[in-house]
Amino acid sequence: MTDEKELRYDPAAIELKWQARWAAEPALYAAEPATCGKPKYYVLEMLPYPSGQLHMGHVRLYSIGDALARHMWMRGYNVLHPMGWDAFGLPAENAAIKNNVPPREWTLSNIAAMKRQFMRLGMGFDWDAEVTTCFPDYYRWNQWFFLRMYERGLAYRKKSKVNWCPECCTVMANEQVIDGRCWRHEDTIVEQRDLVQWFFRITAYAEELLEGLEALDGWPEKVRTMQRNWIGRSEGTEVDFFLAEKDDQGLGTRDQGTGTEELGIGNREQGTDRQRIRVFTTRVDTIFGATSVQLAPQHALVAAFTASDPRLKAEVDELIEQQKKAREAGDLGAIEKHGVATGRFAVNPYNGERVPIWVANYILADYGTGAIMSVPAHDERDFEFASKYGLPIVQVIRPENETPAVVLPYLSEDGVLMNSGEFDRLSCERAQRVLAEMAAREGFGKATVTFRLKDWGVSRQRYWGTPIPMIHCERDGLVQVPDDQLPVLLPEQIEITQQGGSPLARVPEFVNTTCPKCGGPAKRETDTMDTFVDSSWYFYRYTDAKNSKAPFDSAVVKYWFPIDQYIGGVEHAILHLIYSRFWTRVMRDLGLVEEDEPVRRMFTQGMVVKDGAKMSKSKGNIVSPDDMVARFGADAARMYSLFAAPPDRDLDWQDDGVAGVSRFLGRVWRLGTKYAPMARTARGQRPEAPSGTSLKLLRKLHQTIAKITLDFEGRWHFNTCVAAIMELVNEIQSADVQLAAGEISAPVMLELLRSLVLLLAPFAPHLAAELWEQLGEQGSLLRAPWPVSDAELAREDELEIPVQINGKLVTVIRVAADANVMTIQAAALGEAKVQARTAGKTVVKVIVVPGKLVNLVLHPSDKDPSRGASVVK
RNA sequence: GCGGAAGUGGUGAAAUGGCAAACACACUAGCCUUAGGAGCUAGCGCCCAAAAGGCUUGCGGGUUCAAGUCCCGCCUUCCGCACCA
């Protein structure tokens, strides 16, 4: 009885055995040098934040990547499959405040814990290439890049309105604000503050980042669309409206007081004395229909108007308040339009017409010029606003071949101009070009391109991040930290509190320094960098992680890049993936890398949910990977996460499903251990030409190999790959009587089991390794060649072909696989059921698709008898 | 509002325009027993007591010998964008 007990599948015993061996042989999963002569394959999964615990989303992500990596190893590639830690960030500081643990200590112990989890899951990572972003040997290169960018004007400082999260006590980039809330704190409304901040000039690459998307055909369309929208390129025209002279003002305007003339809005470039209001429009063809100019409440000219007009100021403040409320509600789009007339007028440069200047709450200060011309007849928003405030609505576009009587607002650009003086009858498209050219010629505007993308604000008033390597000297101003003084180290001993401002500012030993230029006393910059800086280039560092002279060796990068396959969550479609593309271009311009794009193929895997809902503490529906591994084993947890859904879809986690996969692995285990001793006696022998059960099983095997190989090459339906392996095992098992009767020779059994183990290796690496050993194999499974499907063996010699009448299934016939059309047709027509149904009817057409089906089309007047019967009833 | 993805059994799902529901989970019945989160056998879309038969891929049209799959219109869910001038 004990021998049967030994047949129990004990995943923990098997997995721990192999994990110990793998740990003792790190070269197994290590990339080889470029000189190894093999083709390279770089498979990368997004690196985790070291929160202390892997979650099921991680298990799924890394199960996908590890399966791919293992497959590519077996295909003979030199695989780089690295792992690291996105180790800077706020949670470490919050933990420090809460538990009084230094951020570094907290982070490192989390990393240790998660690394143990990775080991226990049997992930095949190249730990030699491990990158930990909070280590000085990594972040010094953040600083180095910062300086290079500063030298090129790509890093700069400006005072600006910034998003401030009161919970994080720091600012954040636009990309990190979601519906007016912090991306980390869904319940925390982001405030606007005026601060001097460091920025990266990502807008300098806006055009290129947009164009580059076209070539990224290995990326999900969804991600490309999201980036396109985020960059938000918009072609239009900037036009200067002239500010009407005060004594030009018509009746009914308010007395404005004095003092607006000092303001330099728009007149610097043109060098004229007349005040200008520059507006941006995509529809300059409608400019003869402009009946007002609308300013954002934050527009500089508004401040000038309100300076001497407390009543107006109060009204403008109210508009600002409305915007703030809407932003807090997370829906700026739904704000009710309000505006206030300033009493001032602007002159349309095309026709000299005076239009009133308003301030409105729906005008965005930070898009375009913060000012628009309002054309109610041809813009929905302007129409709504003009209707509300009784502003004139002047139609200037009409459909070319119809009467001008159209419903306003008429938004189509498919039309011609009217009420537009000499430009009447020009098409909209033509007029846009002509009017923009005129503006440029006359010096009151130009065709221009506006982007929604803003420069990347990278300053953070936090401790646990990369110090910005700049020094403020009273004499020399801003001074770079010299390269030979890098890294600027984060001080270790520091008190973290929830006070505002940078914690580093309260560390005198850090702040006080000497100016590299004059040697006098100076102060360090105390802002640290956004952690998205770390993740913008970490995958380059993996290729040369220990380099102390440079961020990496360009020659090594040249070998490994671009990344062949990047895998991660779609939630990083905008943030990380756009920053990374920007960073690669900066490095290209620095001469460090050759390519424009770091990632050739991108894959976004679906979320892991439970009962249809995202796993979260508050819902209490968290499934712990440790628990899964303890109950069912790493192989079962991994294989289930590939089996339960295709990788791009959301996966609903069901513990019963994992149990099912575990039971399946148990069957494989019993099958393997039962027949391995017999199979291994055949090592070195060639199998004879198979027949009977052998042929049947080998055929199924080779069909399975073909299917799985094809999926790895692109389709990635790993769920059906696992199902195919299950089918194969089921078929072998259901032939158990024949196996026991010795109908299958040892060489055939060896091929069956060997191939089965190879197919299983990417999905259940521990069990595969164990059975591999039991089959008498010495070397690592990873170095064993992936099986090749023998098309001849895989081919069926007899097929079941459905026979339909008028598209309805009637019966199924068996024919030789290579039967020709005539043979199949004769067989189908000869079937008793077919004859019964066609008796007395006219078969007008016979469709025979060899290998697929037969369809008999009856004359329409001949009703199928069975249908006729049901009609009577 | 705009853009994208999806909608198939009790559940997760499968299906180059060619037998809808593979592979699993759950469930039902039986067997076995070392009583295990074990193993084995059989059943399992819906209607009909059963068989025969009929029906079935969100809804409605269309193309086709043939539609879950392609086209048009609608509904629902999820995701992204959303006064971007």
Side-chain angles (χ1 to χ4, degrees), chain A residues 1-2 4-5 7-9 179 220-223 225-226 228-230 232-234 236 279-283 286 294 326 331-337 360-364 366-375 379-382 384-385 450-452 570-571 573-574 607 611-612 631-632 640 643-646 648-664 666-667 670 715 717 719-727 730 733 736 800-812 844-849 851-858 866-867 869-870 873:
Chain A
M1 292 301 121
T2 46
E4 284 211 20
K5 190 134 195 144
L7 283 176
R8 278 280 294 279
Y9 170 53
D179 291 338
E221 193 50 52
K222 181 188 168 83
V223 174
T225 303
M226 285 169 76
R228 235 174 251 127
N229 291 341
W230 187 261
R233 185 181 192 277
S234 171
V279 303
F280 173 71
T281 176
T282 54
R283 291 296 305 276
T286 65
Q294 304 283 341
D331 200 358
L332 211 56
I335 193 171
E336 200 196 325
K337 290 181 181 53
N361 64 357
Y362 71 99
I363 308 302
L364 305 173
D366 59 357
Y367 182 77
T369 58
I372 65 154
M373 65 176 195
S374 177
V375 185
D379 182 285
E380 222 166 2
R381 300 152 299 181
D382 295 344
E384 186 191 334
F385 190 87
T450 294
F451 291 93
R452 210 187 78 120
V570 74
E571 65 273 17
I574 307 291
M607 275 193 313
D611 307 321
R631 285 161 71 190
F632 306 109
Y640 172 74
F643 175 61
D648 56 333
R649 265 206 252 172
D650 284 354
L651 182 161
D652 199 283
W653 193 274
Q654 295 178 3
D655 290 3
D656 285 336
V658 194
V661 172
S662 174
R663 282 199 293 272
F664 165 72
R667 285 203 294 282
R670 283 190 299 278
R715 210 178 71 133
H717 280 198
N719 54 330
T720 61
C721 290
V722 174
I725 296 174
M726 288 174 169
E727 281 187 53
N730 289 349
Q733 232 180 359
D736 195 54
E800 286 196 337
I801 303 234
V803 180
Q804 300 176 336
I805 292 177
N806 289 340
K808 291 256 164 221
L809 180 70
V810 171
T811 187
V812 173
V844 290
K845 201 170 178 185
V846 182
I847 313 279
V848 179
V849 184
K852 289 293 183 187
L853 63 27
V854 178
N855 189 14
L856 309 177
V857 186
L858 300 184
S866 61
R867 311 201 81 170
S870 67
K873 192 177 167 191

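The structure displayed is predicted, hence computed values, not measured ones. Numbered from 1 within each chain, the chains take letters A, B, ... in sequence-line order.
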In whole Å, what separates the [atom1] atom of [N] from that of [M]?
N: G58(B); M: G54(B); atom1: P; value: 23 Å
N: G1(B); M: C71(B); atom1: P; value: 23 Å
N: C48(B); M: U57(B); atom1: C1'; value: 23 Å
N: C31(B); M: A35(B); atom1: C1'; value: 15 Å

Check your understanding: Between which residue ranges does RNA chain B form stems of three or more consecutive Watson-Crick or G-U wobble pairs, both distances under 3.5 Å?
Key -> B:1-7 with B:75-81, B:10-12 with B:23-25, B:27-31 with B:39-43, B:45-47 with B:53-55, B:58-62 with B:70-74
Sequence neighbours left out, what passes side-chain hydrogen bond (donor to acceptor under 3.5 Å, both in side chains) with [X]? Give chain and number order.
X: Arg667(A); answer: none
X: Asn855(A); answer: none
X: Glu727(A); answer: Lys700(A)

Using a heavy-atom cut-off of 4.0 Å across all strands, would you classify [X] as base, sugar-phosphate, or nothing?
X: Asn730(A); answer: sugar-phosphate
X: Gly368(A); answer: nothing
X: Glu800(A); answer: base

Mind checking whether [X] and [Y] have side chains closer than 4.5 Å, heavy atoms only?
X: Tyr367(A); Y: Thr450(A); value: yes
X: Asp382(A); Y: Tyr362(A); value: yes
X: Val722(A); Y: Tyr640(A); value: no
X: Arg715(A); Y: Thr720(A); value: yes

Practice item. Answer yes or no: does a side-chain N or O of Tyr362(A) lie under 4.0 Å from OP1 or OP2 of A85(B)? Key: no
**Study point:** Residue Arg663(A), side-chain heavy atoms: nucleotide from A26(B), C19(B), A85(B) that is nearest
**Key:** A26(B)
Review point. Among the nucleotides A24(B), A22(B), A85(B), which one has an atom lying closest to any side-chain atom of Ala723(A)?
Key: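 Looking only at side-chain atoms, Ala723(A) lies closest to A22(B).
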In this structure, how many angstroms lie between the [atom2] atom of [N] and the [atom1] atom of [X], rounded?
X: Gln733(A); N: G39(B); atom1: CD; atom2: P; answer: 10 Å
X: Tyr367(A); N: C81(B); atom1: OH; atom2: P; answer: 17 Å
X: Arg452(A); N: C2(B); atom1: CZ; atom2: C1'; answer: 13 Å
X: Asn229(A); N: G1(B); atom1: CG; atom2: P; answer: 18 Å
X: Glu727(A); N: C23(B); atom1: CD; atom2: P; answer: 5 Å
X: Asp648(A); N: G80(B); atom1: CG; atom2: P; answer: 17 Å

Study note, to complete from the structure: Expected string for nucleotides 60-70 of chain B under the B/S/- scheme (protein heavy atoms, under 4.0 Å, primed atoms plus P, OP1, OP2 as sugar-phosphate) is -----BS----
Practice item. Scan nucleotides 10-17 of chain B nucleotide by nucleotide, 5' to 3', and note B when protein non-hydrogen atoms come under 4.0 Å of the base, S if they reach only the sugar-phosphate, - if neither. Key: -SBSSSB-
Review point. Hey, is G43(B) sitting syn or anti, using the within-90° cutoff around 0?
Key: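 Chi for G43(B) falls in the anti range.
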Review point. Mapping Leu809(A) and Met226(A) onto RNA chain B by nearest heavy atom, which one lands closer to the 5' end?
Key: Leu809(A)
Exercise for review: Using heavy atoms to find the nearest nucleotide of RNA chain B for Glu384(A) and Asp655(A) separately, return the residue whose nucleotide is more 5′.
Suggested key: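 First, find each residue's nearest nucleotide; the 5'-ward one identifies Asp655(A).
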Point to revise | Rounded distance (nearest 0.5 Å) linking atom CD1 of Ile372(A) with atom CD of Gln294(A) | key: 5.5 Å
